[in-house]
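Note sheet for the following structure.
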Amino acid sequence: MPKIMINPDLCNKCYTCVQICPAGIFIQKDKDSIPKVLGSIAEDFCISCGHCAAICPKQAIIHESFPEGSINPVCQELNLSAEQVLEMIRTMRSIREFRDKPIEKETIERIIDGAHFAPSSTNSQSTEFVVVSNKAVLKKIVELTSLFLTKTAKQLRNPVIMALFRLVARNNAEDALSILPKIDRYVDAFKNGEDNILYNAPLLLVFHGKKSIPLSDVNANLALHNASLVSRGLGLGSFYAGFVVEASHRDSKIPSILSIPKNNRIYGALVLGYPKFTYKNWIERRPPKVEWI
């Protein structure tokens, strides 16, 4: 586990590192003393979250996980107001009409950088990424996903399978049947040579992680959300490719062509491209269901 020290020449004894450490590895006997690191606890419980290094006003924390150059001052001028954040969120839409324009590598790297800064359980930073821009691979993903939907439609129409499904999970069975017309539409589009899976987008960003890491799926989807926000700020449009994710869980060919390790699982997929149209309005949502306790 990481070695942690406090530079006594820089420390101003502000006590904040003691207060914010989620692992409780710092102690301070009194307000005039320099905090100390509980070595045994640090070895067992420090998750290298960086709270201590980020909060220290004097950069007195010396943490093995954060070498010189990895701690950067916050630029307060770039922070958004609540209204700016809300306006960005309200005006985001799922974009499925893209210009025939590739996304620059530098732009993709900025999106992944934003995704990588998403929170993760115990700071595991478990999410890994696959950038798919090869047109042949994108076409194959569309084909495999469409075949998965074709098989799903057949299963939903099989009375024996549905009878068993209803016995095990009736509500899930009814939900599945309710989207059958939608699945049929996707299948028909594929048969007619249309791409209603990726919509001829230039790029698919896949989020995956080790199955053994707790909340790896949640970590990946938090990263995906970050990626969608950054892509919006970069002038890109996106939508969540849920059918691709579901198909990857049922067909090992999709993880295989993406070189996903066998111990990993695909948890999210974001379709990206430069939008063909610009929306001029945002639409109010239904009132949220909220219970105050």
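Not measured: the values here are computed from a predicted model. The basis for the numbers below is simple: all heavy atoms, side chains too, and nothing from hydrogens, waters or symmetry mates.
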Task: Donor on one side chain, acceptor on other, Thr91 and Arg232, under 3.5 Å - done: yes
- [ ] Please answer: with hydrophobic residues joined when any side-chain heavy atoms are less than 4.5 Å apart, are Leu147 and Leu258 in the same cluster?
- [x] no
- [ ] Taking atom types as modelled, find out whether Gln76 and Asn79 have a side-chain donor-acceptor pair closer than 3.5 angstrom.
- [x] yes
Open item on the list: If I compare all heavy atoms of Pro202 with all of Leu138, which pair ends up nearest, and what's the gap?
Closed with: O-CD1, 3.8 Å
Open item on the list: The criterion is salt bridge (Lys or Arg N to Asp or Glu O under 4.0 Å); which residues satisfy it with Glu143, sequence neighbours excluded?
Closed with: Lys140
Open item on the list: Nearest 0.5 Å, please: how far is SG in Cys17 from CD1 in Ile6?
Closed with: 4.5 Å
TODO: Give a yes or no answer on whether the side chain of Gln84 reaches the backbone of Ser81 with a donor-acceptor pair at less than 3.5 Å.
DONE: yes
TODO: Look at the side chain of Asp195 and the backbone N and O of Asn200, then say whether any donor-acceptor pair between them is shorter than 3.5 Å.
DONE: yes
Task: Under 3.5 Å donor-acceptor, Asn219 side chain and Leu215 backbone - done: yes
Task: Flag, side chain of Asp30 to backbone of Ser33, donor-acceptor distance under 3.5 Å - done: yes
- [ ] Please check if the side chain of Asn123 supplies one atom and the backbone of Ser48 the other of a donor-acceptor pair under 3.5 Å.
- [x] yes
TODO: Check the surroundings of atom CG in Asp100: do more than 12 heavy atoms from other residues, nucleotides or ligands lie under 6.0 Å from it?
DONE: no
Open item on the list: Counting only heavy atoms from other residues, nucleotides and ligands, does the tally under 6.0 Å from CD of Glu106 exceed 12?
Closed with: no
- [ ] Using modelled atom types only, decide if a donor and an acceptor are shared between the side chain of Lys13 and the backbone of Asp32 within a distance under 3.5 Å.
- [x] yes
Open item on the list: I need the Thr122 OG1 to Phe45 CZ distance, nearest 0.5 Å.
Closed with: 13.0 Å
TODO: Report whether Phe129 and Tyr267 are members of the same hydrophobic cluster (ILVMFWY, side-chain heavy atoms less than 4.5 Å apart, transitive linking).
DONE: no
- [ ] Taking atom CZ of Arg96 as the centre, report whether more than 12 heavy atoms of other residues, nucleotides or ligands fall under 6.0 Å from it.
- [x] yes
TODO: Ignoring hydrogens and angles, tell me if any N or O in the side chain of Asn12 forms a donor-acceptor pair with the backbone of Lys58 under 3.5 Å.
DONE: no
Task: Axial cation check for Tyr274 ring with Lys101, 6.0 Å and 45° limits - done: yes
Open item on the list: Which residue in the set Phe243, Phe98, Phe239 passes ring pair (Phe, Tyr, Trp, His ring centres under 6.0 Å) when paired with Tyr199?
Closed with: Phe239
Task: For the student: nearest non-hydrogen atoms of Ala269 and Val245, plus distance - done: N-CG2, 3.6 Å
- [ ] Examine distances only and state if a side-chain atom of Glu64 and a backbone atom of Lys3 form a donor-acceptor pair shorter than 3.5 Å.
- [x] yes
Open item on the list: Atom CG of residue position Asn263 - does it have more than 12 heavy atoms of other residues, nucleotides or ligands inside 6.0 Å?
Closed with: no
Task: Side chain Thr107, main chain Ile103, donor-acceptor under 3.5 Å - done: no
Open item on the list: Let me confirm one number: the NZ-CG distance from Lys182 to Asn196, rounded to the nearest 0.5 Å.
Closed with: 10.5 Å
Task: Linked, directly or transitively: Leu270 and Ile111 (ILVMFWY side chains, under 4.5 Å) - done: yes
Open item on the list: Whether Lys211 and Asp217 form a salt bridge (side-chain N of Lys/Arg under 4.0 Å from carboxylate O of Asp/Glu) is what I want to check.
Closed with: no
Task: N/O donor-acceptor pair under 3.5 Å between His208 side chain and Pro255 backbone - done: no
TODO: List, by chain and then residue number, the residues other than Leu80 in its hydrophobic cluster (Ile/Leu/Val/Met/Phe/Trp/Tyr, side-chain heavy atoms under 4.5 Å); write none if there are no others.
DONE: Val85, Ile89
Task: Interatomic spacing from CD1 in Ile61 to NE2 in His51 - rounded to 0.5 Å - done: 13.0 Å
- [ ] Treat each ILVMFWY residue as a node, draw an edge where side-chain heavy atoms are under 4.5 Å apart, and state whether Leu236 and Leu229 are in one component.
- [x] no
Open item on the list: Within this structure, what is the CD-CG distance for the pair Glu109 and Asp113, rounded to the nearest 0.5 Å?
Closed with: 9.5 Å
Open item on the list: On the six-membered ring of Tyr279, is Arg93 placed so that its NZ or CZ lies under 6.0 angstrom from the centre and within 45° of the ring axis?
Closed with: yes
Open item on the list: Under 4.5 Å side-chain heavy-atom separation, chaining through any Ile, Leu, Val, Met, Phe, Trp or Tyr, what else clusters with Ile55? Say none if it is isolated.
Closed with: Ile20
TODO: Flag yes if more than 12 heavy atoms outside Met88 fall under 6.0 Å of its CE atom; otherwise flag no.
DONE: yes
Task: Interatomic spacing from CZ in Phe148 to CG in Asp251 - rounded to 0.5 Å - done: 9.5 Å
